[in-house]
Participant: 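Starting off with a structure, shown below.
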Amino acid sequence: MIELRVNVDPSLTDALGSCLFEAGAEGVAEQEDDEGSWLVLYCTEPEQATRLTAAVDDFRARARLVFPDAEVGPVQRSEVARDWETTWLSALQPARITDELVLRPTHAAPAPEGERTLWFEPAPCFGSGDHATTRLAARAVERAIAELVTTRRSTSELTTTEHATAEAAAGPLDVLDVGTGSGVLCLVAACAGATRTYGIDIDATAIDAAARNAALNGLSAHCSFTTAPLAAVDERAAVVVANIDAPTLRELAEPLLAHVAPAGVLLLTGLLDEQEQEVLDCFRARGARLDGRDQEGDWVLLRLRPGPG
Ligand SMILES: C[S@@+](CC[C@H](N)C(=O)[O-])C[C@H]1O[C@@H](n2cnc3c(N)ncnc32)[C@H](O)[C@@H]1O
């Protein structure tokens, strides 16, 4: 078994991970230590290791043109006496993703009594709960839906903001999750009371995994998943969430805002604190206003509303 390790700037881990899956990697694990963020993968064949090393070299050359300050280190290659699947699975542990919910891989121990569990099947896609951005987004989705549900129940004595929220709540309480990965945010939304959730992703493996995870949790009736691009989705949603890298968020700014229902909320994460201002400026230039933020470690979540303010 050959182990490949790449030390990579945190802002590029998602993009490099996607690139490695496209190049044929069967499982990519993220690790952090004193030297920073690492992507680690295992190969059974030397040819596969050579192909994936070339993919990293190619990615590094392209990334340098756009992000000259973001490092992608050389590939460190070594022989290890274990299979990647065991190593990868043992790295996946139950993760508390909100105050309410624990995300638990199917191979983990049974849930302790009283735990509100969301189960997921390990698959080569993002969204196992071990990353700060998943937890930031999960908490924000839960909170946004709780607010909409509450304002639906009581519309008396509302402030202006609450009134606007109540207007959004008048329509179906839909959630659109752009870059759904394992579907985790749709599952959280469905548990929190969303009427319907729509998860989209460019990665067909992720969409298959998300549909399986919805079924595993008995939530298929509330969740739809598709590889259709954002532009092909007709609906506007009361809550739109996107956990994608900052350059892609900026690229998708207009269609993301166009999919938020009037007085709905847009939740963005996948950005580092050093990228916060450029992402905010980009969305403000398209009419959004900041309604709140959250941060875990270096990772930031922005809560935006369509319309100036
Ligand atoms: C960081 S993962 C987020 C997964 C999950 N939503 C979570 O919060 O853990 C980002 C996902 O976005 C997908 N993605 C990247 N660019 C996209 C695009 N333009 N449209 C839709 N999905 C995209 C990737 O395939 C990946 O599954």
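All values derive from a computational prediction rather than experimental measurement. The chain is numbered in sequence order, starting from 1.
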Participant: Against Val240, only a single residue in Val260, Val175, Val265, Leu268 fulfils side-chain contact (heavy atoms from CB on, under 4.5 Å); can you say which?
Facilitator: Val260
Participant: Just how far is it from atom CG of Leu266 to atom CG of Leu256, taken to the nearest 0.5 Å?
Facilitator: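 Rounded to the nearest 0.5 Å, the CG-CG separation comes out at 5.5 Å.
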Participant: Show your reasoning for whether salt bridge (Lys or Arg N to Asp or Glu O under 4.0 Å) applies to Glu276 and Arg293.
Facilitator: CA-CA 10 Å; Glu276 179 174 359; Arg293 73 185 288 288; 2.7 Å; yes
Participant: So, does Thr50 use its side chain to make a donor-acceptor pair with the main chain of Pro46 at under 3.5 Å?
Facilitator: yes
Participant: What I'd like to find out is whether the side chain of Asn213 reaches to under 4.5 Å of the side chain of Glu121, using heavy atoms alone.
Facilitator: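 Yes, their side chains come closer than 4.5 Å.
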Participant: Please answer: with hydrophobic residues joined when any side-chain heavy atoms are less than 4.5 Å apart, are Ile202 and Leu249 in the same cluster?
Facilitator: no
Participant: Between the main-chain N or O of Gly181 and the side-chain N or O of Asp201, is there a donor-acceptor pair closer than 3.5 Å?
Facilitator: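 Such a contact is found between Asp201 side chain and Gly181 backbone.
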Participant: For a 4.5 angstrom cut-off between non-hydrogen side-chain atoms, does Thr134 reach Phe126?
Facilitator: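 Yes; the side chains approach each other to less than 4.5 Å.
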Participant: Could you go through Leu52 and Leu41, starting from their C-alpha distance and side-chain angles, then the distance that decides it, and tell me whether this counts as side-chain contact (heavy atoms from CB on, under 4.5 Å)?
Facilitator: CA-CA 9 Å; Leu52 293 173; Leu41 48 153; 3.4 Å; yes
Participant: Set out, in order, the CA-CA distance, both residues' side-chain angles and the distance that settles side-chain contact (heavy atoms from CB on, under 4.5 Å) for Glu296 and Arg139, then state yes or no.
Facilitator: CA-CA 11 Å; Glu296 189 176 324; Arg139 288 197 297 264; 3.4 Å; yes
Participant: With clusters defined by side-chain heavy atoms of hydrophobic residues (ILVMFWY) lying less than 4.5 Å apart, directly or transitively, does Leu176 cluster with Ile207?
Facilitator: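 Shared cluster, no.
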Participant: For Ala144 and Leu267, work out which heavy atoms get closest and say how close.
Facilitator: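 So the minimum-distance heavy-atom pair works out to CB-CD1, 4.5 Å.
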Participant: Between Phe283 and Leu257, is there a side-chain heavy-atom distance shorter than 4.5 Å?
Facilitator: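 Of all side-chain heavy-atom pairs linking Phe283 with Leu257, at least one is under 4.5 Å.
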Participant: Please say which of Gln76, Gln48, Arg77 ends up in a side-chain contact (heavy atoms from CB on, under 4.5 Å) with Leu4.
Facilitator: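 Among Gln76, Gln48, Arg77, the one meeting side-chain contact (heavy atoms from CB on, under 4.5 Å) with Leu4 is Arg77.
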Participant: What heavy-atom pair brings Gly73 and Val56 nearest, and what distance separates the two atoms?
Facilitator: O-CG1, 4.5 Å
Participant: Minimum heavy-atom separation for Gly129 to Ile97, with atom names?
Facilitator: CA-CG2, 3.8 Å
Participant: Is there a side-chain contact (heavy atoms from CB on, under 4.5 Å) between Tyr198 and Thr226 once you walk through the steps?
Facilitator: CA-CA 8 Å; Tyr198 303 92; Thr226 176; over 6 Å; no
Participant: According to the side chain to side chain donor-acceptor pair (under 3.5 Å) rule, which pairs have a member within residues 97-113, sequence neighbours left out?
Facilitator: Thr98-Glu142, Glu100-Arg116, Arg104-Glu115
Participant: Could you give the distance from CG (Leu272) to OG1 (Thr133), rounded to the nearest 0.5 Å?
Facilitator: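 These two atoms lie 9.5 Å from each other.
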Participant: If you draw a 6.0 Å radius around CD in Glu278, do more than 12 non-hydrogen atoms from other residues or ligands fall strictly inside?
Facilitator: yes
Participant: Determine the minimum heavy-atom distance between Phe21 and Cys125, stating which atoms define it.
Facilitator: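 Smallest interatomic distance, heavy atoms only, reads CZ-N, 4.4 Å.
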Participant: Could you work out, with side-chain hydrogen bond (donor to acceptor under 3.5 Å, both in side chains) as the rule, every residue matching His259, not counting sequence neighbours?
Facilitator: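 For His259, no residue satisfies side-chain hydrogen bond (donor to acceptor under 3.5 Å, both in side chains) once neighbours in sequence are set aside.
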Participant: Any donor and acceptor pair, going by atom type alone, linking the side chain of Asn7 with main-chain N or O of Ser37 inside 3.5 Å?
Facilitator: yes
Participant: Carefully, step by step, assess Gln31 and Arg5 under the rule side-chain contact (heavy atoms from CB on, under 4.5 Å).
Facilitator: CA-CA 10 Å; Gln31 292 178 1; Arg5 297 174 63 81; 3.3 Å; yes
Participant: Quick one, Ile200 and Thr227 - any side-chain contact, counting heavy atoms below 4.5 Å?
Facilitator: no
Participant: Spell out, yes or no, whether Leu301 and Leu252 are grouped together once hydrophobic residues are joined by side-chain heavy atoms under 4.5 Å, including indirect joins.
Facilitator: no
Participant: List the steps, then state whether salt bridge (Lys or Arg N to Asp or Glu O under 4.0 Å) holds for Arg51 with Glu47.
Facilitator: CA-CA 6 Å; Arg51 201 171 60 247; Glu47 296 76 24; over 6 Å; no
Participant: Does one hydrophobic cluster hold both Leu271 and Leu230, with members joined at side-chain heavy-atom distances below 4.5 Å?
Facilitator: yes
Participant: Is there a donor-acceptor pair closer than 3.5 Å between any side-chain N or O of Arg305 and the backbone N or O of Ala263?
Facilitator: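 At least one qualifying donor-acceptor pair exists.
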Participant: Taking side chain as C-beta onward, heavy atoms only, is Asp294 less than 4.5 Å from Arg135?
Facilitator: no
Participant: Can you find a side-chain donor-acceptor pair between Thr205 and Asp208 that sits under 3.5 Å?
Facilitator: no
Participant: List the atom of Ala49, the atom of Cys43, and the distance in Å for their closest heavy-atom pair.
Facilitator: CA-SG, 3.7 Å
Participant: Among residues two or more places apart or on two chains, list those pairs meeting side chain to side chain donor-acceptor pair (under 3.5 Å) that have a residue in residues 61-70.
Facilitator: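 Every pair satisfying side chain to side chain donor-acceptor pair (under 3.5 Å) with a residue in residues 61-70: Asp58-Arg62.
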Participant: Would a 4.5 Å heavy-atom cut-off, applied to side chains only, mark Phe120 and Leu103 as touching?
Facilitator: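 In contact.
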Participant: If only atom types and distance count, is the side chain of Arg286 paired as donor or acceptor with the main-chain N or O of Cys282 below 3.5 Å?
Facilitator: yes
Participant: For Asp273 and Gln295, what are the C-alpha separation, side-chain angles and deciding distance, and is it a side-chain hydrogen bond (donor to acceptor under 3.5 Å, both in side chains)?
Facilitator: CA-CA 8 Å; Asp273 51 5; Gln295 183 158 357; 3.2 Å; yes
Participant: Do Asn243 and Thr269 pair up side chain to side chain, a donor and an acceptor below 3.5 Å, judged on atom types alone?
Facilitator: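 No.
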Participant: Could you state the interatomic distance from CD (Gln93) to CG (Asp130), rounded to the nearest 0.5 Å?
Facilitator: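 Here the interatomic distance stands at 10.0 Å.
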Participant: In Å and rounded to the nearest 0.5 Å, what is the OG to CD distance from Ser128 to Glu30?
Facilitator: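 It comes to 8.5 Å.
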Participant: Tell me whether Thr180 contacts the main-chain N or O of Gly199 through its side chain, where contact means a donor paired with an acceptor under 3.5 Å.
Facilitator: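 No; judged by distance alone, with no hydrogens or angles, the pair does not exist.
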Participant: Given the rule that I, L, V, M, F, W and Y join up when any side-chain heavy atoms are under 4.5 Å apart, are Leu219 and Val241 in one cluster?
Facilitator: yes
Participant: Determine the minimum heavy-atom distance between Leu185 and Ala138, stating which atoms define it.
Facilitator: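 Minimum heavy-atom contact is CD2-N, 3.6 Å.
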Participant: Please tell me if the side chains of Trp38 and Asp33 come closer than 4.5 Å, counting only heavy atoms from C-beta onward.
Facilitator: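 Answer yes - side chains close enough.
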Participant: CG/Leu187 to CG/Asn217 distance, rounded to the nearest 0.5 angstrom?
Facilitator: 5.5 Å
Participant: Less than 4.5 Å apart, any side-chain heavy atom of Thr197 and any of Asp174?
Facilitator: no
Participant: Calculate, to the nearest 0.5 Å, the distance between atoms SG and CG belonging to Cys186 and Leu118 respectively.
Facilitator: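 Here the interatomic distance stands at 11.5 Å.
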